[in-house]
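Because the structure is predicted, anything quoted here is derived from the model rather than measured. Count residues from 1 along the sequence.
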Amino acid sequence: LNVCFVSVSKQTKQLEESGFLKGALSAEQQLALISICTDLKAAVEGATFIQECTPENLELKKKIFGQLDLIVGDNVILSSSTSCLLPSKLFTGLKHVKQCIVSHPVNPPYFVPLVEIVPHPETDASTTERTYALMKKIGQSPVKLNREIEGFVLNRLQYAVISEAWRLVG
């Protein structure tokens, strides 16, 4: 975990030095807000929005959301940054499924502010609206999908562009 913090610290300072650091706080002030915690319950205590950012592994993500489902309250939004796993594969069967949503950022999210908001079929409309408002507040440009679709929208468009680029190269 310390290796990860060192990397975040280095990148944050580089962003500040190059004039690309976002927000009103200095790199030092932002880094002071980050803490390391190995206890999931303690890590999410007081949270209103939890963004999962683990590798694209369905079982891993389901395990994490299963654990979170047991410890969060009825007002906490559970969000995944998955780029390809459908919300119905991630959240079905959870007690807090109405609070679950995908918030898929574009890479690199720090420089490309687009984020797709993809609801589970049972996601409450207020979850979608709160997620949209939060993404706007943090400087993202959210796009709401009305329903889940394989590959979401962004990936499908990107794949078409990449495929055409390869054809042009060929």
Tested for side-chain contact (heavy atoms from CB on, under 4.5 Å) against Val44, the lone hit among Ile71, Leu78, Val76, Asp39 is Ile71

Salt bridge check, Lys13 against Glu28: does any charged N sit closer than 4.0 Å to a carboxylate O? no

Pair Thr82, Glu56: side-chain N/O donor-acceptor within cut-off below 3.5 Å: yes

State the CD-CD1 distance between Glu116 and Ile101, to the nearest 0.5 angstrom. 11.5 Å

Give the minimum heavy-atom separation between Gln30 and Leu25, together with the two atoms involved. NE2-O, 3.0 Å

Can a donor-acceptor pair be found between the side chains of Gln99 and Thr127 at a distance below 3.5 Å? no

Would Ser7 and Gln11 count as having a side-chain donor-acceptor pair, cut-off 3.5 Å? yes

On a heavy-atom basis, the closest approach of His120 and Ser88 is CD2-CA, 3.5 Å

Assess whether salt bridge (Lys or Arg N to Asp or Glu O under 4.0 Å) is satisfied between Arg156 and Glu150, documenting all intermediate values. CA-CA 8 Å; Arg156 293 174 77 154; Glu150 290 285 342; over 6 Å; no

How long is the straight-line distance from CZ of Phe91 back to CG of Leu85, given to the nearest 0.5 Å? 9.5 Å

Shortest non-hydrogen contact from Lys61 to Ser80? NZ-OG, 3.9 Å

May I ask you to decide if the ring planes of Phe152 and His104 are parallel, tilted or perpendicular, using 30° and 60° as cut-offs? tilted

